[in-house]
Amino acid sequence: MLNLSSFVQKAQQLLDPNQGLNLTDSDRNPSKASLFQAQFRLPASQHPLYEITAELTIPLANATQSDRDRERGYQYAGKLHLSESYLCFSTTPSSFLQSASTPTSSIFTGQTHGGGPSGNGFTFPLSSIRRVERLHSQNFQFALAISTWNGISQEAAKEKDKKDLREQRITIQLASSRQACERFCDGLKKGLRTNVGNVAKLKKVMSECYSEYLLRPEEQKNATPPDAGLGLIFKYPGDPKKLRDRAKMRLWAEYLRDNGRNATLIRQPTFHKLIRVGLPNRLRGEMWELTSGSLYLRLENPTLYADTLAKHSGMESLAIDEIEKDLNRSLPEYPGFQSEEGIGRLRRVLTAYSWVNADVGYCQAMNIVVAALLIYMSEAQAFFLLSTLCDRLVPGYYSTTMYGTLLDQKVFESLVEKTMPILWEHLVKSDVQLSVVSLPWFLSLYINSMPLVFAFRVLDVFFVEGPKVLFQVGLAILRINGEELLDAADDGAFISVLKSYFSRLDESAHPKSENPKLRAVTRFQELMVVAFKEFSAITHNSITELRLKNKDAVLNNIESFAKRTAIRNLGPDSKLLSADELAALYDRFYGVLYERQQRDHIIKQEQARRAKNNRSRAAVEAHDDHGVEKGRVGLGPSTSLMDYDAFREFLAGMSKWAISDAPSTPRRETVGDKQAGFYASFRRTDATLSPWGAGPEPANHEFLERLFRKWDVGSASALTLQNVVSGMARIKGKRDIMGTINYFFELHDDDGDGKVDREGILRMSEALLFLSRRGLEGTLSPSSSSLTLSTDNVNGGGEAPGQSVNERFLGSVSAFIRRCFEYADPDHPQNQNAIQDVQERLDAQKLEDIVDEELADPDAFAIGDDDDEDDDLLTMESPTASPKTAAIRPDKKSGQPPELQLNSSSSGLRADDDGMSARRRVSKAQSEKANAALDPSNPLHITLPTFRMVVLADELLEQFFESSFPTSFHIIEGLASSATPTSASSLTTFSSLGIGAGRAVNAALGGTAGAPGAPAGGRGLRGVLDNIVTDGMRVAAEVRRRMEEAQRELEKNALPGQRNEDEDDEDEDDAGIERPPGAGKSGGAYSGDAERRSVRSSDRDLLTGADAEASDATAAAAGRASGSLEGGSGGNGPGNDGSGKGAGAGAGKVVGVEFDG
Amino acid sequence: MADSGAPKPSSSVKLVLLGEAAVGKSSLVLRFVNNDFQENKEPTIGAAFLTQKCNLPTRTIKFEIWDTAGQERFASLAPMYYRNAQAALVVYDLTKPTSLIKAKHWVAELQRQASPGIVIALVGNKLDLTNDAAGGDGEGAGGDGEGDARKVTTEEAKSYAEEEGLLFFETSAKTGYNVTEVFTAIANAIPETSLKTARGPGASSAAARTEEQRVNLNGPRDPNAKEGCAC
């Protein structure tokens, strides 16, 4: 039974606790690089390149450099990691190899024992390394001696006299196979070489660190100290005596002297202890910067802050307005922020950040946090630290949806429920919402909840150990006040208990105790002990897990709120659509944006992977997979704009006609060729990774562009939801045919002058064909009813019943063109150019394909005379109607003339002999007439009334505008099986249609094309007609064949594209690589040899006091990794001679990489 | 005991303030609670909580006021605060038409999402910046005189308020004009039936104790300083 239960347990562990949640891949499976960056607090540009098991030896005193000391210093077993520009050592045995399991890569997020996520060790920028030597091997060990630039100014380095330099020198024994060691060393050599150029940058950044000033010999201290915040001018908060600031400073000076400063600091257990007791004022800013890793960001781009300010100087933004409102009310109790100096700094930092991260911009509470930072650090330091906060430490806290804040509240609540069930029950019973109280704690990092001095103590730990500290402190507050909180019956009482607690943090925690030591413990000290001892089980790991678990629900909440609000605020246009339609539009809009963003990410990853496979690492470096999440509405507004491609995809999700007919790449080319000049602008896409995902590829037709431009009211080349809703409301909202017709006309009226020229007319007809090529939808009058009305005299009867609506529509469109030209008004000569263009375009088409039975339709021009439907309309709405238009309106008040129907039914692709001959009879006369109308030397245009008239003259067109066009937007239901057509007969395929369209249009202009001496290939209308007559049957058969062919093609391709997305091979075996717990030899205990210390013994008690209690002694137990040090076999390596480097331009760096056998 | 002298029944009402940033929500509350006005107030992070009593002839209403942050992105936190609220003060700035639009959004949000029967008052603040500032006649003034910063006419807001069934006031937190009237009107508008007796038999010493603390917490307060209200 025991076996069984343990088996069940194991199975449960194996089961993904987050299954079924809508989480992104990066949530579940953070990349090795991001974990590596998180552990060592490195910028996103760094990737784990090499790693190796190693033992770090720190000599007791760096002053002496003799090899003897190597045997006696502090020793730590751990792992050495190399990235592009960093060499990191950590006692946390995490591994970032591609083959390492995720738990192995994220060990650091577990119990930290006060060691911080990066454990004991160091994070050296490669540019801080001065010299690496391969030591003469003893016992076949592969050992490196690394000396750094620590404390060495450039001047001093130039002097040959290095005797009084206290060079920082550490030794590292690599414990792996000889080969692995060599590989690592090669990588290191390469890295050192590429980073030589950064030495000057490093030294500049370092010179701004207070520690440099602190450790300078007394005689050189005349220079002004580096900016250590407003505190230098306005005093630091709190009583320095009470804070024992001097004693702390002495301890730190000692530590830094022994272990390196700023970039070259080595973390040993004392480091973490020193932080737990509270940082001294002047070093606080620097240590925050170092422990949070923002120092490395600054190192990467030291001038970013100044550059950003300079670049945006004088510019305005919404964020700046918001910032201005709050400047005077940020920590107003601190004198520095009652002065222009302090306010100016605050303004600049917040403004600069709002420019570099426009997605976040400015969020209230940032002013408070930054104000606090500025007391201890320079503007540039605060700027980078803010960046680190927003991206890594408290992600999403200040985003426009504040999802991070809400998420952490949920996490906090679940922690309270778990750790303090009685209190939780009480909260639920008395309907007190915890987050109402705790939200400001997290959002402003306790800064305006606790007195400043205490809030800063929390921050000290927070920057080393990460966000879990916020939770630990929050839980401790509730635990300590548990009794009183249980008495509080409502929100108000709850708040007041805590407020009064915060105001008494400096009082004794045990005022009545007999024991003076106990009496001396303040409430704050008690808080820290409870937070870090009692809640030591709260680790970065458990927080991460809880965040994952709650993330989806929180985002959904935010999204439903955002949706509700957004839809409600869409303005009057939105009232034209139903609530369901709006909701569906909203979902589709953001759905497309989100999917595209995800896809983009995957494609980028794939590209990165390929680049990596191609061993072109340089290309990968630019790619940043650590970047802030985007896409979901709940995460922020980063993608609330829809560009043209997204718009196409958006439409393809609900309208048949918006789906491309050429789903596969190779095919697309041929089709594109065939329709050159018509649908020529197909986008070439990556052959394997479709940018459209699994969905159908959207079409790219001029009509879509027009629609996009029309909806894009602000001409921003992107649509907002508001644009989309307003645009859709015009089409679908009114359900009124006139509105739709007007809209369609406006779409093609480029200059908005109420006229559409010859080119425009052609575009309109193209658009009509484009929209109808997959069949018409909506309520169309059954063709049979019209057939009964139709007279047989023209078409020879018998043909019409076989014709589908779509075929008839073709006819309608061609009739449309003819009528447009017939009733068009003459234009001014300036349109000549446009006409010329049309002609050229048409000439380019394959005219031999022209098979136009339409033009020959005898009704084509007669019909116009029967048109009377919009008599009133025309006279009323267009007083400007040209005389010609008026003239052709005879006064026949008969109803919808049967001829209209005839006309459209005669337009079938299957022309039979009778039809042909009938047409032929009239065609000659008509074509001449048409020629006159089409003569490009008479530019012309149609007006809206003419357009309306022409549309209404045709029943099918009328129905198209009345119902089929608006209905073709399936906002709510979408397209069921995407492009799969329902029945073969109802489908007019793109290719066949393309032919049809080409024919119709070409024929309409056919005469003109040839007339003004157009180049060869243009054939006269007459020739075309002759062709039809002689080859009528053949052509019809050909057309049908092509149609069917295209149909098959389409059906084949319409199947949802099954892409084999290559699984990332990142995480194969979860078989835990077991590592023995850090039981090994613990790092040498702190042995204070008193002689050279300026530290007084009384200072020391700081480290043993109540504060220090909070820091775990276990920190010292720097685990030694399993494998015994494996000496490389052969003693003599292949001549890795020192590639000495005097090259360091200006910096005068000597990177001696000496690997002698 | 704060309540010991009052023979009238006392009940507490949860009231939430909503509105665009910098329309003067916190200032209205500060005026009502402390009869004070500050040019530079710390921004509200999340929400601030304050209490104030309002004595009506027949009963005492204790307002538990949730003053929310106005910045747009804090909007998603609002549901947390207006949950269970019995009254809401939706504030706009008379000199900023967009703030009325935002106010309308809030009204719509409350009408759909908040507890049914919530009493909503629409308040146009910053009357001191308009020409009607001096006179007590806030209503009927057209609002397009010279030097007048008013951008939202009384008629426009009032007719909207009537349409939606809201209480409507124009106030100045700076001068104190009409401020207590708003709260008194809300207190009167709360239906008797929806009032829970806050200091009922269930809430014993605990409630009383917190009451004391709360008085301390909110700092010095002069209950007699009010002109309009008898609190």
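Below, chains carry the letters A, B, ... as their sequence lines are ordered, and counting in each starts from 1. What you see is a predicted model; the values in this text were computed from it and never measured. Every heavy atom of this structure was used, including side-chain atoms; hydrogens, water molecules and symmetry mates were not.
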Exercise. If you count heavy-atom pairs under 4.5 Å between each of A/T405, A/L439, A/L486, A/V436 and chain B, which one has the most?
Worked result: A/V436

Exercise. What part of B/F74 lies closer than 4.5 angstrom to a heavy atom of chain A: side chain, backbone, both or neither?
Worked result: both

For this session: Under 4.5 Å heavy-atom distance to chain A, tell me which part of B/A75 shows up: side chain, backbone, both or neither.
Result: both

Exercise. When you measure from the centre of the six-membered ring of B/Y92, is the NZ or CZ of B/K102 under 6.0 Å away and within 45° of the axis?
Worked result: no

For this session: Salt-bridge test for A/E324 and A/R347: reply yes if a basic N is under 4.0 Å from a carboxylate O, no otherwise.
Result: yes

Exercise. Under the ring pair (Phe, Tyr, Trp, His ring centres under 6.0 Å) criterion, do B/W106 and B/Y82 qualify, and how do the steps go?
Worked result: CA-CA 11 Å; B/W106 278 124; B/Y82 66 61; 7.0 Å; no

Problem set entry | Salt-bridge contact B/E20-B/K96 (side-chain N to carboxylate O under 4.0 Å) | yes

Exercise. Strictly by modelled atom types, are A/D580 and A/S578 linked by a side-chain donor-acceptor pair under 3.5 Å?
Worked result: no

Seminar exercise, completed: Honestly, the part of B/A108 sitting under 4.5 Å from a heavy atom of chain A is both

For this session: Name the region of A/S503, side chain, backbone, both or neither, that has any atom closer than 4.5 Å to a heavy atom of chain B.
Result: neither

Problem set entry | Part of A/E322 lying under 4.5 Å from any heavy atom of chain B | side chain

Exercise. Are any of the side-chain nitrogens in A/D431 or B/R83 under 4.0 Å away from the carboxylate oxygens of its partner?
Worked result: yes

Exercise. Checking A/V437 against chain B: side chain, backbone, both or neither under 4.5 Å from a heavy atom?
Worked result: neither

